[in-house]
There are 2 protein chains.
Amino acid sequence: MKKEPQNISLDTLFELSEFFKFFGDTTRIRVIHLLLSGEMSVSAIAEKLNLEQSVVSHQLRILRTANLVKPTRDGRKIYYALDDEHIGEIFNTGLAHILHKKKG
Amino acid sequence: MKKEPQNISLDTLFELSEFFKFFGDTTRIRVIHLLLSGEMSVSAIAEKLNLEQSVVSHQLRILRTANLVKPTRDGRKIYYALDDEHIGEIFNTGLAHILHKKKG
DNA sequence: TAAATACATGAACAACAATTCATATATACA
DNA sequence: TGTATATATGAATTGTTGTTCATGTATTTA
């Protein structure tokens, strides 16, 4: 069952692992999960997840820098939304794996 | 563009982030990538990736504990293979995202 | 059974990442 | 323009994780 090896550069593999890192933190995955339902303000996210505003802001900055979420200001509030259609796909692929394993 | 919220337990979200963590390390993603082409012995992996045997063994233990790879002994050598069909899918979904972004 | 080979593992160290706390900035509104 | 609200950010602290180095275990073969 040996497939043809894909030729992926070391650099790309590094980027790939960096990318998966964003999903590898509970706080961030909860934020991502929440935003799958639609955009939400920082304070709403913090309240919904029962986290300190500062924690949410810090993690949002990480996601924003990576272009996984994008902010839109409306008055004093800033609404964050997922920036990329792929994110839901990756989230759901991983979720399917977890749920599949849970069944045994 | 608001979707219906999926009801996913905190516990499942935690497991999901733990799962993505395995992909969030350069060494492990390189090992996974290598094993996508088929099973390989520890020493072969180490040689191919130009890593110390100890580094590879440590990371393989992490992947093995998580049931992402499974070992098969043949004499002195131990061959590792990916244990789950989903792994390639997740790898490729992430890869597609990276390559898509590279294009701009 | 002694030596060589292949792999695993424990402990120490170093690097990194997340949270906390205090404070800064930006906007709205009285 | 002063105050309140919403968010961002820097520094310190703490917890986590990967690598290194030394050593242990299993298997083969002379």
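In this text, all values refer to a predicted model and were calculated from it rather than measured experimentally. Chain letters run A, B, ... following the sequence lines, proteins first, then strands; residues in each count from 1. Values below: every heavy atom of this structure, side chains too, minus hydrogens, waters and symmetry copies.
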Student: Check each of A:Leu51, A:Ile32, A:Thr27, A:Thr26 against A:Gln59 using the side chain to side chain contact (heavy atoms under 4.5 Å, CB included) test, and report the only one that passes.
Tutor: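 Of the listed options, the one satisfying the test is A:Thr27.
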
Student: On the nucleotide D:dT19, are OP1 or OP2 found under 4.0 Å from the side-chain N or O atoms that B:Thr27 carries?
Tutor: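 Checking B:Thr27 against D:dT19: at least one side-chain N or O falls below 4.0 Å of OP1 or OP2.
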
Student: On a plain distance test, is the side chain of A:His58 in donor-acceptor contact with the base of C:dT20 below 3.5 Å?
Tutor: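 Per atom types, the contact qualifies.
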
Student: Side-chain N or O of B:Gln59 less than 4.0 angstrom from OP1 or OP2 on D:dT19?
Tutor: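 Checking B:Gln59 against D:dT19: at least one side-chain N or O falls below 4.0 Å of OP1 or OP2.
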
Student: Round to the nearest Å and state the distance from A:Ile29 atom CD1 to C:dA18 atom C1'.
Tutor: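 Distance, rounded to whole Å: 16 Å.
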
Student: Rounded to whole Å, please give me the gap between CZ in B:Arg61 and P in D:dG24.
Tutor: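 To the nearest whole Å, that distance equals 17 Å.
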
Student: Look at the aromatic rings of B:His33 and B:Phe91 and report parallel, tilted or perpendicular, splitting at 30° and 60°.
Tutor: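 The arrangement is parallel - the two ring planes meet at less than 30°.
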
Student: Report the distance from atom CZ of B:Phe20 to atom P of D:dT17, rounded to the nearest whole Å.
Tutor: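 Taking atom P of D:dT17 as the reference, CZ of B:Phe20 is at 17 Å.
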
Student: If you check the A:Val42 side chain, which of D:dT27, C:dA18, D:dT7 turns out closest?
Tutor: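 Within the option list, the nearest is D:dT7.
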
Student: Hey, can you tell me if A:Phe20 and B:Phe20 have their rings parallel, tilted or perpendicular (30° and 60° cut-offs)?
Tutor: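 Rings of A:Phe20 and B:Phe20: parallel, under 30°.
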
Student: Given atom CD1 of B:Ile62 and atom C1' of C:dC7, what is their separation to the nearest angstrom?
Tutor: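 Taking atom C1' of C:dC7 as the reference, CD1 of B:Ile62 is at 16 Å.
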
Student: For the pair made of CG in A:Leu49 and P in C:dA18, what is the distance, rounded to whole Å?
Tutor: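 A:Leu49 atom CG is separated from C:dA18 atom P by 16 Å.
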
Student: Take A:Gly75 and A:Lys21, find for each the nucleotide of DNA chain C with the closest heavy atom, and name the residue whose nucleotide sits nearer the 5' end.
Tutor: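 Between the two, 5'-proximity favours A:Lys21.
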
Student: How would you label the contact of A:Leu60 with the nucleic acid (heavy atoms, under 4.0 Å): base, sugar-phosphate, or nothing?
Tutor: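 The residue A:Leu60 makes no contact with any strand.
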
Student: Nearest-nucleotide wise, let me know which of A:Val56 and A:Arg76 is further upstream toward the 5' end of DNA chain D.
Tutor: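 Between the two, 5'-proximity favours A:Arg76.
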
Student: Between C:dA18, D:dT27, C:dT27, which nucleotide gets closest to the side-chain atoms of A:Arg73?
Tutor: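 From the listed options, C:dT27 comes nearest.
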
Student: Would you classify A:Tyr80 as touching base, sugar-phosphate or nothing, given that sugar-phosphate means primed atoms plus P, OP1 and OP2, and contacts are heavy atoms under 4.0 Å?
Tutor: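 Touches sugar-phosphate only.
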
Student: Counting only side-chain heavy atoms from C-beta out, which of C:dT20, C:dC7, D:dA8 sits nearest to A:Glu52?
Tutor: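 Among C:dT20, C:dC7, D:dA8, the one nearest the side chain of A:Glu52 is C:dT20.
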
Student: Grab the CG-C1' distance between A:Leu63 and C:dA18 for me, whole Å please.
Tutor: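 Spelled out: CG on A:Leu63 to C1' on C:dA18 is 13 Å.
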
Student: Using atom CG of B:Asp74 as one end and atom P of D:dA26 as the other, report the distance to the nearest whole Å.
Tutor: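 Value for this atom pair: 18 Å.
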
Student: Could you check whether the rings of B:His97 and A:Phe19 sit parallel, tilted or perpendicular, using 30° and 60° as the cut-offs?
Tutor: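 Answer is parallel, since the angle falls under 30°.
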
Student: Give a yes or no on whether a donor-acceptor pair under 3.5 Å exists between the nucleobase atoms of D:dA6, that is its base, and the side chain of A:Gln53.
Tutor: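 Between D:dA6 and A:Gln53, which were checked side chain against base, a qualifying N/O pair under 3.5 Å is absent.
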
Student: Look at the side chain of A:Arg28 and the backbone N and O of A:Lys21, then say whether any donor-acceptor pair between them is shorter than 3.5 Å.
Tutor: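 Confirmed, A:Arg28 side chain pairs with A:Lys21 backbone.
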
Student: Rounded to the nearest angstrom, tell me the gap between atom CG in B:Leu51 and atom P in C:dA6.
Tutor: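 In whole Å, C:dA6 P lies 17 Å from B:Leu51 CG.
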
Student: Mark yes or no for a side-chain to base donor-acceptor pair under 3.5 Å between B:Ser54 and D:dC21, with no hydrogen or angle criteria applied.
Tutor: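 For B:Ser54, whose side chain was compared with the base of D:dC21, there is a donor-acceptor pair (under 3.5 Å).
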
